[in-house]
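Just so you know, these numbers use all the heavy atoms, side chains as well, and skip hydrogens, waters and symmetry mates.
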Amino acid sequence: MAGDGETSVGAFDYIVVGAGTAGCVLANRLSQDGGSRVLLLEAGGKDNYIWIHIPVGYLYTLGNRRTDWCFKTEPEAGLNGRAIDYARGKVLGGCSSINGMIYMRGQARDYDHWRQLGNAGWSWEDVLPYFLRSEDHYRGADDYHGSGGEWRVEEQRLSWELLDAFREAAAEVGIPKTDDFNRGDNEGCGYFQVNQKTGVRWSTARAFLKPAMDRPNLTVLTRAQATGLHIDDGRASGLDFLHDGQARQATARGEVILSGGAIASPQLLQLSGIGPGEVLQRQGIPVRHELPGVGENLQDHLQVRLVYKVRNTRTLNLRANSLLGRIGMGLEYFLFRTGPLTMSPSQLGAFAKSDPDRATANLQYHIQPLSTDKLGESLHPFEAFTASVCNLRPESRGSVHIKSPHATEQPAIRPNYLSTAEDRRVAADAIRLTRRICAAPALAPFQPEEFRPGDEVREEEDLVRAAGDLATTIFHPVSTCRMGSDDGAVVDERLRLRGVDGLRVIDASVMPTITSGNTNSPVIMIAEKGAEMIKQDAAVG
């Protein structure tokens, strides 16, 4: 029953909390049969902001409170005391509406490792069909790609001679060329494929939610902030939320599914009394179900952004700083859907080994024909490119802990970057490898000159300090409600919360370990598989 001052919005078979990457997929799949009543709650607004859909618009959606929660980390020792921006989507489509649009699955070994950790059904062979199910690849279907699904994958619609030269330089130092990062082994250098459709961002809101919006059994509420779960006799029976600031309540006949991502899902569990007792008690929240792993095990990709000045070529810097240049780019986009306005944040990618003893690539590069002190700020007044490189498999583990009993206050985000000797060593090795690439003959015509951190930074200790000064997140937080069967796990292999019936978590937070690349499309796979599990369990039950 609704409490004083609350209004019930009714009973549903499934309540999905969060209309981000996973939530949009779940809303589509769970409402397909027409017989299940589904409620989808999104704390942000509608995706009717023009800069969501123009690819380069990420520059105007990140750090914009209309589309981004604008979180910040706590000060990080590994970043030399800096607190950094931590963007999370606050709009239909979630992070898929503001991210880099890069289509990436990771490596086969990532998922085989999940299986080796005891998560049956999550090996590469098991998950590949779920990637294929929703894919619509521009080359058509084959053993590794799907066609006709909702999730469009296309080539980029622009080229830069400087990036072509970087690709040649990478080959000269032993990083082979590739034209497809998504066949299980992504080692190599090539152009990223992107989630766009004829030069327009293709978010999960457009791909999965929009086609389902007219279904009478699907209710979508935006500006609906979940504040607490109802747990009755060990089962999730509904939740409280604020809709346009007014207290509301919904009842679940079947299941409540948390799809808020690696920050919001553990936050809501902790606000509801589910999580590490000490964390909850500090905020005066009664412990309803002690589950120590909630909010722990945070993993993320930290990128070290090296900047090189160049000559004898054009980058985006001077063009974007010119009024005529900006007018030309705008005309090119609106007339032909080509040019710099179709750019994802990174166009060229590379996967490499920080040292030859690695079995598989453990570094990822995002190469950009532009440079800036900080994403979203003005580009430098000289021609330059950025070579961002991250450790794909960091050992550092962080946390997400509530610091208030109120859902509207940001939790404490502590990624704990560069907290292990191995992570610091890989960061230094990554800078050294970048320098080898930039010194290769293919780039010589452009006379690359290291601007940041600067060629004078050479000693191991200085390289690590420079990494801490330059590094920032690529916005890939995962694993805060990780899947497993040990005491630290939060959900089981069917994504059911351990110890509470009728409650699942289906988003990036369930990954046992971070995937070797951009995390958006793996989350779609998790949602596809999770939706199927829900239907299977409902049929048996």
Side-chain angles (χ1 to χ4, degrees), residues 1-24 26-28 30-31 36-49 52 64-71 88-95 97 204-205 208-210 212-232 236-261 263-273 285 402 404-411 502-507:
M1 297 293 291
D4 292 343
E6 291 184 332
T7 301
S8 174
V9 298
F12 298 83
D13 296 289
Y14 303 111
I15 300 174
V16 181
V17 183
T21 298
C24 288
L26 289 164
N28 181 304
L30 295 177
S31 64
S36 298
R37 194 166 180 231
V38 179
L39 173 64
L40 177 64
L41 301 179
E42 168 55 42
K46 297 179 180 179
D47 63 334
N48 53 3
Y49 183 43
I52 291 173
N64 181 342
R65 293 192 179 276
R66 176 173 178 171
T67 49
D68 178 4
W69 285 100
C70 297
F71 291 157
R88 297 282 86 199
K90 186 185 178 184
V91 63
L92 291 176
C95 290
S97 290
T204 58
F208 294 92
L209 186 58
K210 186 176 179 180
M213 286 289 278
D214 291 335
R215 294 174 185 168
N217 60 320
L218 174 63
T219 300
V220 180
L221 298 180
T222 56
R223 308 200 183 282
Q225 170 88 55
T227 57
L229 299 168
H230 297 175
I231 309 295
D232 297 313
S237 58
L239 81 167
D240 297 319
F241 62 99
L242 297 174
H243 185 215
D244 287 328
Q246 300 300 309
R248 299 286 185 264
Q249 188 180 85
T251 300
R253 292 188 291 254
E255 297 192 30
V256 177
I257 303 134
L258 305 190
S259 297
I263 307 303
S265 286
Q267 179 189 22
L268 181 58
L269 287 171
Q270 291 172 13
L271 290 170
S272 305
I285 295 176
I402 55 171
S404 163
H406 304 295
T408 52
E409 183 167 341
Q410 179 200 317
L503 181 59
R504 295 193 207 227
V505 183
I506 303 180
D507 57 28

(request) Can you sort out the partners of Ala407 under side-chain contact (heavy atoms from CB on, under 4.5 Å), two or more places apart, ordered by chain and number? (result) Gln225, Thr227, Leu271

(request) Please collect all salt bridge (Lys or Arg N to Asp or Glu O under 4.0 Å) contacts where either partner lies in residues 13-24, sequence neighbours excluded, each pair once. (result) Asp13-Arg253

(request) Return yes if some donor-acceptor pair links the side-chain N/O of Ser265 with the main-chain N/O of Gly260 below 3.5 Å, else return no. (result) yes

(message) Under the rule for side chain to side chain donor-acceptor pair (under 3.5 Å), what residues qualify as partners of Asp214, not counting sequence neighbours?
(response) none

(request) Of all the heavy-atom pairs spanning Gln267 and His406, show the shortest one and how long it is. (result) NE2-O, 4.5 Å

(message) Taking the side chain as everything from C-beta on, heavy atoms only, tell me whether Val9 gets closer than 4.5 Å to Phe241.
(response) yes

(request) Return the set of residues passing salt bridge (Lys or Arg N to Asp or Glu O under 4.0 Å) with Arg88 (not counting sequence neighbours), or none when no residue passes. (result) none

(message) List the residues meeting side-chain contact (heavy atoms from CB on, under 4.5 Å) with Thr67, not counting sequence neighbours, and say none if there are none.
(response) Tyr49, Ile52, Thr61, Asn64, Ile98

(request) Scan Val38, Leu39, Leu30, Val256 and name whichever one has a side chain to side chain contact (heavy atoms under 4.5 Å, CB included) with Phe12. (result) Leu39

(message) For the backbone of Ser404 and the side chain of Glu409, can you confirm whether one donor and one acceptor N or O come within less than 3.5 Å of each other?
(response) no

(request) Give the minimum heavy-atom separation between Gln270 and Ile402, together with the two atoms involved. (result) OE1-N, 2.9 Å

(request) Mind checking side chain to side chain donor-acceptor pair (under 3.5 Å) for Ser97 and listing every partner two or more places apart, or none if nothing turns up? (result) none

(request) Please identify each residue that fulfils side-chain contact (heavy atoms from CB on, under 4.5 Å) with Ala205, with sequence neighbours left out. (result) Cys24, Asp47, Leu92, Ser203

(request) Name all residues meeting the side chain to side chain donor-acceptor pair (under 3.5 Å) criterion together with Thr21; count only those two or more places apart in sequence or in a different chain, and write none if there are none. (result) Asn520

(message) Looking at every heavy atom in both Leu40 and Gly18, which two are closest together, and how far apart are they?
(response) CD1-O, 3.6 Å

(message) Which residues pass the side chain to side chain donor-acceptor pair (under 3.5 Å) test with Ser31, not counting sequence neighbours?
(response) Arg215

